[in-house]
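Below: one structure, written as structure tokens.
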Amino acid sequence: NATEPTATNWYATLSQELEIAGQRGARVDAADFELSAQEKTIRLRKRETAANALQAYFNALADREVSALMADLLRASERMATVSRARADKGLGAPVEADIAEAVSFRTLQRKVEAERSLVDSEATLSALLGSEKPMPVDGSLTPLAGIPDGTAPVDTSPKRLEVAIAEDQ
């Protein structure tokens with residue numbers, strides 16, 4: 001009996017919205033358009049990521065070459081500083097020449113460290129764009145890609161508004 005103090009009453013209701021004057025069709029069309037726009041946005045982002053990854057790859061290759069060049073220059077400048085200092089100690093050269101050679105050697109060491117840091121940054125950028133957690137060492141050469149004239153970018157990487165890019169894609 002529902003009047004007793006230990007009785008529990010339960011109620012449930014169901015409701016459904018009524019579609020009036022074709023609103024459902026308009027909402028479905030709007031949802032389809034939004035889905036299409038999102039798919040185009042995803043394709044655009046994938047192309048941008050691919051272009052950025054390609055650029056990061058060649059930046060890493062270039063930084064690797066610069067780092068190797070700086071290592072070679074450092075060895076040469078250290079030898080020159082050693083020879084200049086030995087000549088100055090024996091009185092065959094001016095001490096200022098030895099000081100200059102040592103300063104050049106030190107500056108070359110700084111540039112080598114900068115080149116190595118740039119290489120690590122480039123490899124980390126490439127790894128991030130490719131979804132890897134570890135830095136990816138690069139291997140390859142800086143020869144231009146086949147079929148692409150010198151001085152032109154392989155992909156249009158100019159910044160555009162997303163709406164413009166989607167509209168151009170249609």
Side-chain angles (χ1 to χ4, degrees), residues 31-170:
D32 287 343
F33 179 76
E34 181 65 26
L35 181 62
S36 174
Q38 291 300 325
E39 288 171 348
K40 289 176 183 175
T41 300
I42 289 169
R43 281 196 306 270
L44 179 66
R45 296 293 183 225
K46 284 181 179 179
R47 283 195 303 255
E48 287 175 351
T49 301
N52 290 338
L54 184 65
Q55 184 176 4
Y57 171 75
F58 282 106
N59 285 344
L61 283 177
D63 288 341
R64 186 190 68 193
E65 294 290 326
V66 169
S67 182
L69 177 64
M70 286 297 116
D72 291 344
L73 285 174
L74 179 61
R75 282 190 294 276
S77 66
E78 286 174 342
R79 283 192 307 260
M80 289 183 67
T82 302
V83 168
S84 295
R85 180 57 59 197
R87 288 184 58 181
D89 290 345
K90 292 185 179 186
L92 299 173
V96 73
E97 289 178 5
D99 293 341
I100 291 172
E102 288 170 353
V104 167
S105 178
F106 180 72
R107 177 62 184 133
T108 306
L109 174 62
Q110 288 177 324
R111 291 174 62 193
K112 179 183 178 283
V113 170
E114 290 169 4
E116 289 171 350
R117 184 174 52 235
S118 181
L119 175 61
V120 169
D121 289 346
S122 296
E123 289 175 346
T125 299
L126 178 61
S127 298
L129 288 169
L130 296 179
S132 175
E133 294 181 11
K134 298 178 184 176
M136 300 182 78
V138 294
D139 187 28
S141 70
L142 284 172
T143 57
L145 296 175
I148 298 176
D150 290 338
T152 60
V155 211
D156 180 17
T157 58
S158 60
K160 293 181 184 174
R161 287 184 43 189
L162 181 60
E163 308 87 57
V164 172
I166 289 173
E168 288 175 351
D169 193 40
Q170 292 180 347

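Being a predicted model, the structure only gives us computed values, none of them experimental. All values below were derived from every heavy atom in this structure, side-chain atoms included, with hydrogens, water molecules and symmetry-related copies excluded.
Within a 6.0 Å sphere centred on CZ of Arg85, heavy atoms belonging to other residues, nucleotides or ligands number more than 12.
Here the CG atom belonging to Asp139 is positioned 6.5 Å from the OH atom belonging to Tyr57, to the nearest 0.5 angstrom. Taking CZ from Arg87 and OG1 from Thr82, the interatomic distance works out to 13.5 Å, rounded to the nearest 0.5 Å. The CG atom of Asn52 sits 10.0 Å away from atom CG of Asn59, with the distance rounded to the nearest 0.5 Å. With values rounded to the nearest 0.5 angstrom, Asp72 atom CG is found 11.5 Å from Thr108 atom OG1. The CG atom of Leu73 sits 12.0 Å away from atom CZ of Arg107, with the distance rounded to the nearest 0.5 Å. Note: Arg111 CZ to Glu114 CD = 8.0 Å, rounded to the nearest 0.5 Å.
Salt-bridge formation is not detected for the pair Arg75/Glu78: no Lys NZ or Arg NE/NH1/NH2 atom is positioned less than 4.0 Å from an Asp or Glu carboxylate oxygen. Taking a cutoff of 4.0 Å between a charged side-chain nitrogen and a carboxylate oxygen, Lys112 and Glu116 qualify as a salt bridge.
For the pair Glu65 and Leu61, the minimum side-chain heavy-atom distance is 4.5 Å or more. Under the 4.5 Å side-chain criterion, counting only non-hydrogen atoms from C-beta, Leu126 is in contact with Val138.
In terms of heavy atoms, Asp63 sits closest to Ser118 at OD2-OG, 3.0 Å. Residues Ala88 and Ala94 share a closest heavy-atom pair of CB-O, 4.0 Å. Closest heavy-atom contact between Arg64 and Leu119: N-CD1, 3.6 Å. Here the closest non-hydrogen pair linking Ser105 and Ala81 is CB-CB, 4.3 Å.
Under a 3.5 Å cut-off, the side chain of Ser127 and the backbone N or O of Ser132 do not form any donor-acceptor pair.
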### Message
Please determine whether side-chain hydrogen bond (donor to acceptor under 3.5 Å, both in side chains) holds for the pair Glu34 and Gln38, giving the CA-CA distance in whole Å, both sets of side-chain angles, and the decisive distance to 0.1 Å.
### Response
CA-CA 6 Å; Glu34 181 65 26; Gln38 291 300 325; 2.9 Å; yes
### Task
Applying side chain to side chain contact (heavy atoms under 4.5 Å, CB included), run through Leu109 and Met70 and close with a yes or a no.
CA-CA 8 Å; Leu109 174 62; Met70 286 297 116; over 6 Å; no
### Query
Between Lys40 and Leu44, does a side chain to side chain contact (heavy atoms under 4.5 Å, CB included) hold up when you go through it step by step?
CA-CA 6 Å; Lys40 289 176 183 175; Leu44 179 66; over 6 Å; no
